[in-house]
Amino acid sequence: MHIIENGNVAAALGVRLCHANVIAAYPITPQTPLTEKLSEYVESGEMKAEYIPVESEHSALAVCIAASSAGARSFTATSANGLLYMHEQVQWAAGARLPIVMCVVNRAVGAPWNVWNDQQDSISQRDTGWIQMYCSDHQQIIDSVIKAYWLAEKVSIPIMVCYDGYILSHTYMPFDVPDQEKVDAFLPPFRSDYALNTEDPANLNTVTLPDVRMDVQGELAHGYMEIRYLLQEEMRKTLTVALEAEKRFADIFGRGNDPYIEPYRCDDADYVAVGLGSITYQLRVSVDALRKEGIKVGVMGVRYYRPFPDEAIANALKGKKGVIVFEKALSYGYEGALVSDLKSALYEHLVGTGTLPMVQSFIAGIGGRDIRTEDLTQTLRAATKSRVAKEPVWIGLKL
Amino acid sequence: MGTRNYRRKTSHSEHGPGDGGRTGSWRVERPVLDKSLCIPCKRKTEACFICWLFCPDVVISRTIPPTISLEYCKGCGICAEECPTKAITMVDEAEFTDEDKDKE
Amino acid sequence: MQAKTNILSLPIEEFVHPGTRACTGCGLAIAYRVGLKALGKETILVVPPSCLTVLQGLFPIASTKLPCLNVTFASTAAAASGILAALKVQGKDNIKVAAWAGDGGTSDIGLQALSGAAERGENFIYLCYDNEGYMNTGVQRSGTTPIGAITANTPFKGKLQQKKDVPAIMAAHNLSYVAACSAAYPLDLFDKIKKCIDMPGTKYFHIHIPCPPGWGYDPRYGIKIGRLAVETGYYDLYEIVNGEFKLTAASEKLVEKRKLVPVREYFRAQTRFKILTDAQIEEIQKQINAKWERYYKKGE
């Protein structure tokens, strides 16, 4: 069924279709309409779920962690400082291997205060062991939430579905709401390896030791290092499982199957722009304009940021003359997070082969600074002519 | 390492005694029961059991006579202090021979 | 009015194994052991970082026979809410949820989540075991450390502030049941848990826990010192049922007896109070006397 709604509602519909049954929420702009919509679904009876209006974001994720440990499909959403407040829990959920899905409505972080869009909030969580998916339009939002539950429960790793605050959360677009029966065919009821119960009791997430130790059955149990290694190992394996998720989705819903990267006019391109989220769709306008000028340029969105699809990205950019990365976040003291990871992937797979492209880095839209398409086009054009600068260049800066 | 397939691949513990090892080795004194003063022993019926109630480490059995597991008893002395007839006394571990200790 | 439990009628089944890492003579171990007897097998526990985390065992051995979720320091009550929600949506309402947190994890870092859960009427029992300091990390002061106590970070002057009255804070949430208990009176603790377990909303317990290394006494005197705290009228055993305050057990008896043990006996039995001067103890004695005058008047 096609409807016209905003991105937050798209996310809420996805959560409803997936029969999430424990929802914890604390309000923060620009996430609020998402959780408000969910409370409507719960209070009207459309969703059979417990909706817990917690007293902080830290508690929101605490509720999800506990509920997931006890056998429920849980959900929460947040932005910016809310995500930062729950950071301790973000690390915890990954280490506890819980299949929680959380929407992050990307917003700039304080200080100073700013409620508009950039991606510093979710990017700052990239080391935690959560899978990260970035959406470029409302269809991807609702589809990603559905895929996320299947994938999270398959690999026992929590997933952040990220989309740009205001730009996607509050704007209206047409998109297809999948049929409930099809979603039920795609996503079976909640499944986890273990749920707290009194018949088969266990003490979960207690203190681990640096070294391995004998258990009550007289066998050697993992130490902390092994437990953490298994998370890393499973995250890398997720690159394969995600392909399965995408294929299953495409088979049932007839769309998607765009695992890691979303290329646009890249096949014959000499230069490829790369980004996360809605900026990549905006860049398509620039790409079309430059193509008319005869410049062979394309744009590639990165859909899964963690686990980082290094091989797919390297293969897509192999032999290109230049890669121009646009991002809305950075690792202060060095450079953008995406460009760092991308350069590392290119080096890893292409060094010595003579196919390494030149990489340039641009920062845009920090704190919701308007990203004008003409500026993108101009920047892209200049970048195809020569290397603009060694350090990342901030577009639209008004010092 | 880690031969068992640990569910959820995380910190998931099953219950059993001796997480702290053989905590009897912490002891400096051990409790010794004089049955002639012990109320349930004398009455030959369920009575008192204050030592069982207050033992922090669940090493005193609720039996006639109460027995104390020396494998895990930490020698805190609460049982001796609380016994209403002073049937339990704390005796220095040094007074016991290696043979006695082997019997534990 | 249910009959008072005595030692012989206390359930025999144990829910804790011997050989834990709890200190010799740990007061928490006593309260926890009896508390679990009252809660029973159909209970899921929630535990933040605390002495209990260690008592319950390090991976992969658990010394508690009940299912338990270890959580981050500030999130105990929120986690309890999450488990309750999950049980509800799976139709497993008969399983109880019991949170056991230390005084630091309750009165300081955990107070926000606890207040939120209580305000939402979350249907679980929250037991704060108050050994009056962050004992697990080496005896640092907490909100419930009493005035004058020497701790690792109040090493020379002792704590300068009053003990935070957490039961009073929780009572202000209009709870159906708030209780003050002591490890030295385990049967009182047992009865109170049994009494309130089916009452609606959050049930709050504050349990006074003697701690040998933290308080400075020979472990064998743990119960004696716990009793002294009550017999001096310094720490009271009571319950607040739907807003109505009532002293219980040994504290209730003190209203009839009208004779309090001098509080100096309690202070002089613990090295943590060694810097309290006689004048300060006098002052505290006056406050205790005034409090009990109010209790005596209410009793008439």
Side-chain angles (χ1 to χ4, degrees), chain A residues 19-24 26 48-56 58-74 85-86 88-89 91-92 96 190 194-209 212-217 219-224 227, chain C residues 15 17 21 40-49 52-90 92 94-97 99 109-110 112-120 122:
Chain A
H19 306 296
N21 51 16
V22 173
I23 298 162
Y26 188 83
K48 302 257 176 297
E50 287 295 297
Y51 180 95
I52 303 169
V54 283
E55 75 296 331
S56 82
H58 188 275
S59 289
L61 196 44
V63 167
C64 291
I65 285 167
S68 190
S69 304
R73 180 173 280 158
S74 51
Y85 190 3
M86 52 159 86
E88 176 189 36
Q89 305 289 65
Q91 298 268 15
W92 192 273
F190 181 78
Y194 177 81
L196 285 164
N197 70 93
T198 54
E199 297 310 309
D200 176 23
N203 190 17
L204 299 183
N205 297 318
T206 189
V207 181
T208 55
L209 292 162
V212 295
R213 188 179 169 215
M214 212 64 92
D215 69 11
V216 299
Q217 317 262 355
E219 295 192 39
L220 219 46
H222 294 140
Y224 178 84
I227 291 172
Chain C
F15 292 98
H17 286 285
R21 292 169 197 261
K41 186 171 170 279
E42 296 302 309
T43 309
I44 295 180
L45 307 170
V46 182
V47 171
L52 188 54
T53 311
V54 175
L55 193 163
Q56 285 198 327
L58 274 47
F59 176 74
I61 302 176
S63 49
T64 309
K65 300 183 189 176
L66 297 177
C68 175
L69 186 66
N70 288 274
V71 298
T72 56
F73 214 167
S75 68
T76 314
S81 309
I83 297 180
L84 281 168
L87 292 173
K88 187 155 183 216
V89 297
Q90 295 172 87
K92 298 179 181 169
N94 61 310
I95 300 181
K96 297 183 279 295
V97 175
I109 195 171
Q112 182 173 294
L114 174 56
S115 177
E119 180 268 324
R120 291 192 302 272
E122 302 282 2

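Here is how names work: the chains are called A, B, and so on, in the same order as the sequence lines, proteins then strands, and each is numbered from 1. Just so you know, these numbers come straight off a predicted model, no measurement behind them.
The closest side-chain heavy-atom distance from L204(A) to N70(C) is not below 4.5 Å. Under the 4.5 Å side-chain criterion, counting only non-hydrogen atoms from C-beta, T53(C) is in contact with V207(A). Between I95(C) and T198(A) there is a side-chain heavy-atom pair separated by less than 4.5 Å. Looking at E122(C) and I52(A), their side chains come closer than 4.5 Å, going by heavy atoms from C-beta outward. Counting heavy atoms from C-beta on, the side chains of V71(C) and I65(A) never come closer than 4.5 Å. Side-chain contact between K65(C) and P201(A) is absent, with no heavy-atom pair separated by less than 4.5 Å. A 4.5 Å side-chain heavy-atom check between E50(A) and L84(C) finds every atom pair outside the cut-off. Using a 4.5 Å cut-off on side-chain heavy atoms (C-beta onward), R73(A) and V89(C) make no contact.
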Item to check | Residues E55(A), E119(C); criterion side-chain contact (heavy atoms from CB on, under 4.5 Å); working and verdict | outcome: CA-CA 10 Å; E55(A) 75 296 331; E119(C) 180 268 324; over 6 Å; no

Checklist entry - Are L196(A) and L69(C) close enough, and set up right, to give a side-chain contact (heavy atoms from CB on, under 4.5 Å), and what steps lead you there? => result CA-CA 8 Å; L196(A) 285 164; L69(C) 186 66; 3.9 Å; yes

Item to check | Stepwise side-chain contact (heavy atoms from CB on, under 4.5 Å) test for K88(C) and V22(A) | outcome: CA-CA 10 Å; K88(C) 187 155 183 216; V22(A) 173; over 6 Å; no

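Within 6.0 Å of atom CZ in F73(C), more than 12 heavy atoms from other residues, nucleotides or ligands are found, so the atom counts as buried in its surroundings.
Partners of H19(A) by ring pair (Phe, Tyr, Trp, His ring centres under 6.0 Å), not counting sequence neighbours: none found.
Here the straight-line distance linking atom CD of Q217(A) with atom CD1 of I61(C) works out to 11.0 Å at 0.5 Å rounding. N203(A) contributes atom CG, which lies 10.5 Å from atom CG of L66(C) (distance to the nearest 0.5 angstrom). Taking NE2 of H222(A) as the reference point, atom CZ of F59(C) lies at 7.5 Å (rounded to 0.5 Å). The distance from atom CZ of R213(A) to atom CG of L58(C), rounded to the nearest 0.5 Å, is 6.0 Å.
Under the 3.5 Å distance criterion, the side-chain polar atoms of T206(A) are matched with a main-chain donor or acceptor of G57(C). Checked by atom type and distance alone, the side chain of D215(A) never pairs as donor or acceptor with a backbone atom of P60(C) at under 3.5 Å.
In this structure, the portion of I227(A) lying under 4.5 Å from any heavy atom of chain C is its side chain and not its backbone. Of the atoms belonging to T43(C), it is backbone heavy atoms, and not side-chain ones, that fall under 4.5 Å from chain A. Only the side chain of Q90(C) comes within contact range of chain A, with at least one heavy atom under 4.5 Å from a heavy atom of that chain. The contact between V54(A) and chain C is made by backbone and side chain atoms together, counting heavy-atom distances below 4.5 Å.
Smallest separation of non-hydrogen atoms from H58(A) and S75(C): CE1-CB, 3.9 Å. A78(C) and A62(A) get closest at one heavy-atom pair: CB-CB, 3.8 Å. Closest non-hydrogen pair, A66(A) versus A79(C), comes out as CB-O, 3.0 Å. The two residues S56(A) and Q112(C) make their nearest non-hydrogen contact at CB-NE2, 3.4 Å.
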